[in-house]
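For reference, the structure is listed below as structure tokens.
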There are 2 protein chains.
Amino acid sequence: MDQSGRPAERERETELPNKSVVPISLASVKLACSQCSLHELCLSEGLSKEELAKLDSLVGARRKLRRQQNLYRAGEPFEALYAVRTGFFKTDILLEDGRDQVTGFQMAGEILGMDGIGTEVHSCNAVALEDSEVCVIPFAQLEQLSREIQALQHNFHKVMSRELVRDQGLMMLLGTMRAEERLAAFLLNMSQRFTSRGYSPAEFHLRMTREEIGSYLGLKLETVSRAFSRFQEEGYIAVQQKHIRLLDAAGLKKLLKHPPR
Amino acid sequence: MDQSGRPAERERETELPNKSVVPISLASVKLACSQCSLHELCLSEGLSKEELAKLDSLVGARRKLRRQQNLYRAGEPFEALYAVRTGFFKTDILLEDGRDQVTGFQMAGEILGMDGIGTEVHSCNAVALEDSEVCVIPFAQLEQLSREIQALQHNFHKVMSRELVRDQGLMMLLGTMRAEERLAAFLLNMSQRFTSRGYSPAEFHLRMTREEIGSYLGLKLETVSRAFSRFQEEGYIAVQQKHIRLLDAAGLKKLLKHPPR
DNA sequence: CTGCCGCTTTGATCCATGTCAATACGATAT
DNA sequence: ATATCGTATTGACATGGATCAAAGCGGCAG
């Protein structure tokens with residue numbers, strides 16, 4: 001809601017200056033795909049040196065976003081994909097009657113914007129949940145280049161396909177799982193994604209509110225809160241606000257495999 | 001379950017011979033993309049004559065499936081996409097604990113199999129709900145050709161993107177809608193898809209059971225049945241088994257826009 | 001410090017949908 | 001016809017999660 005650019009709650013690890021000039025030295029250096037640490041997650045996996053150079057020239061612009069800023073909004077013309085470099089995003093859809101739903105959370109190395117390809121218009125909103133940075137990938141040029149570079153083409157197709165499979169998993173969750181199973185699945189998924197980015201598998205900081213988690217999982221925020229409390233009572237996790245420690249990941253997994261009914 | 005090839009219930013409009021030899025004359029004629037009536041829905045939209053010819057040579061094989069036969073199964077290696085020529089399919093996922101969910105219904109002109117691109121393995125099952133026929137599109141060759149034909153490349157990207165958007169809509173449905181809204185959305189979607197294929201917007205035959213509808217919508221079959229009965233009482237539809245007549249589509253739409261709460 | 005604001009937790013109650021069970025229906029086989 | 005089988009409808013009841021409401025907590029501004 002707050003679009004003022006002044007974060008209501010400051011995040012420790014992602015401080016940005018309040019005004020124009022960039023103080024963090026790294027941010028001013030032009031870092032291209034060829035040097036990007038997100039290699040394997042992103043579109044550049046398996047490309048040769050020369051191919052990477054071409055991709056570098058395509059992925060020119062960067063864009064910084066403050067917490068709560070929109071990367072794009074539903075209805076805006078689609079022009080580019082975005083690769084998350086740093087930070088954390090959510091995508092959501094708003095119905096006319098006011099109901100809305102979070103359709104995903106995206107972190108470093110993940111691609112945003114593919115919803116717009118089919119209609120040339122974005123179908124959802126993408127919002128930074130903390131100060132973030134993305135690589136802008138003009139889509140026409142990506143198609144152009146992926147006609148030249150087979151590996152790039154295939155990477156892109158893989159990214160889209162994996163997104164389809166992710167969505168199937170989410171449908172499964174929304175269609176068949178109870179509240180606690182949903183939250184367990186969510187926590188395990190978060191843990192796995194933090195882990196694959198080199199962070200601790202057992203301890204992490206959630207960037208989203210209980211309401212956003214609930215919206216994503218098809219639950220009300222109170223239900224999410226209760227499930228957190230329950231998991232804490234059971235000794236599966238330790239909760240302190242948005243800070244989560246997984247004490248018994250195996251226990252959570254068991255919850256998924258052996259539903260109460 | 002019945003893989004015997006003998007349909008348990010025969011569908012009127014899609015009779016196939018019980019044994020080998022093909023009696024229907026058309027079926028033996030090689031119909032290529034260039035003559036296919038599904039043009040606009042499929043990958044061939046907007047291609048030049050020469051380009052269509054190339055696509056024709058790629059989409060060589062056809063495959064016929066009887067009711068209840070699998071087009072592919074979760075876990076099988078991914079090799080090709082399939083374009084539905086005639087008939088009706090469902091895709092579903094089965095969890096280890098026995099729970100399963102229908103993730104989609106596909107009709108003529110729609111593409112199946114994209115879930116397998118990312119991992120080289122199919123992530124769901126595709127089952128014919130009536131005797132059906134698909135075009136087999138070997139994926140490696142499709143990538144090859146879409147590097148040569150820009151329009152084909154773009155069509156393919158659009159198809160995948162639209163699938164992502166469809167999934168978002170389904171998440172919205174599963175995450176925020178009540179039972180009757182879900183069924184209303186389902187019926188309106190079916191009507192729209194039949195309509196765009198030249199069938200009656202107001203009268204159609206559902207190929208799936210109440211249980212399959214329920215699985216797709218995240219509901220139990222009893223709830224689906226009750227919602228059908230309720231809609232009939234309200235005068236929105238006339239139901240006779242799987243035969244549906246929409247008497248008041250506007251009424252159903254209103255249900256969606258103005259939810260009870 | 002004090003007050004405000006957004007977020008979270010917790011409790012009490014309600015209701016939509018799930019569950020369980022009986023019956024009906026339509027198609028096919030005998 | 002009669003039996004059978006899968007599917008669909010309907011009723012009675014149970015329950016998980018939503019709703020409504022009240023504190024609690026932590027960060028920030030003044």
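Here is the naming used below: chain letters follow the sequence lines, and residue numbers restart at 1 for every chain.
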Have a look at [X] and say if it touches a base, only the backbone sugar-phosphate, or nothing, with a 4.0 Å heavy-atom cut-off.
{"X": "A:S225", "result": "base"}
{"X": "A:G214", "result": "nothing"}
{"X": "B:L219", "result": "sugar-phosphate"}

Residue pairs fulfilling side chain to side chain donor-acceptor pair (under 3.5 Å) with at least one residue in residues 214-223 of chain B, sequence neighbours excluded: B:R166-B:Y216
All pairs passing side chain to side chain donor-acceptor pair (under 3.5 Å) where residues 228-241 of chain A contributes a residue, at least two apart: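 Only A:E180-A:R230, A:R230-A:E234 qualify under side chain to side chain donor-acceptor pair (under 3.5 Å).
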Once you round it to whole Å, what is the distance between [atom2] of [N] and [atom1] of [X]?
{"X": "B:L221", "N": "D:dG6", "atom1": "CG", "atom2": "C1'", "answer": "12 Å"}
{"X": "B:L174", "N": "C:dA16", "atom1": "CG", "atom2": "C1'", "answer": "16 Å"}
{"X": "B:R67", "N": "D:dG6", "atom1": "CZ", "atom2": "P", "answer": "12 Å"}
{"X": "A:R182", "N": "D:dG16", "atom1": "CZ", "atom2": "C1'", "answer": "11 Å"}
{"X": "B:L217", "N": "C:dG18", "atom1": "CG", "atom2": "P", "answer": "11 Å"}
{"X": "A:E222", "N": "D:dG16", "atom1": "CD", "atom2": "C1'", "answer": "14 Å"}
{"X": "B:R178", "N": "C:dA16", "atom1": "CZ", "atom2": "P", "answer": "6 Å"}
{"X": "A:E180", "N": "D:dG16", "atom1": "CD", "atom2": "P", "answer": "10 Å"}

DNA chain C: 5'-proximal contact among A:R210 and B:M177 (nearest heavy atom): A:R210
Nearest-0.5 Å distance, CG of residue A:L164 to CE of residue A:M114: 8.5 Å
Counterpart residues, side-chain hydrogen bond (donor to acceptor under 3.5 Å, both in side chains), relative to A:Q101 (two or more places apart): none
side-chain hydrogen bond (donor to acceptor under 3.5 Å, both in side chains) partners of B:N125, counting only residues at least two apart: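 B:D92.
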Row check, A:F228 ring normal vs A:R210 NZ/CZ: under 6.0 Å, within 45°: yes
Contact under 4.0 Å: B:K220 side-chain N or O vs C:dT19 OP1/OP2: yes
OP1 or OP2 of D:dG17 under 4.0 Å from side-chain N/O of A:T223: no
Distance-only donor-acceptor test, A:E211 side-chain atoms vs C:dC7 base atoms, 3.5 Å: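 Not at all, since no donor on one side and acceptor on the other fall under 3.5 Å apart.
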Sub-4.0 Å heavy-atom contacts from residues 226-241 of chain B onto DNA chain C, ordered by number: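 The stretch gives B:R226, B:Q241 as the residues lying under 4.0 Å from the strand, ordered by number.
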Sequence neighbours excluded - salt bridge (Lys or Arg N to Asp or Glu O under 4.0 Å) pairs with any residue from residues 187-204 of chain B: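 Output for this query lists B:E110-B:R193, B:E110-B:R197.
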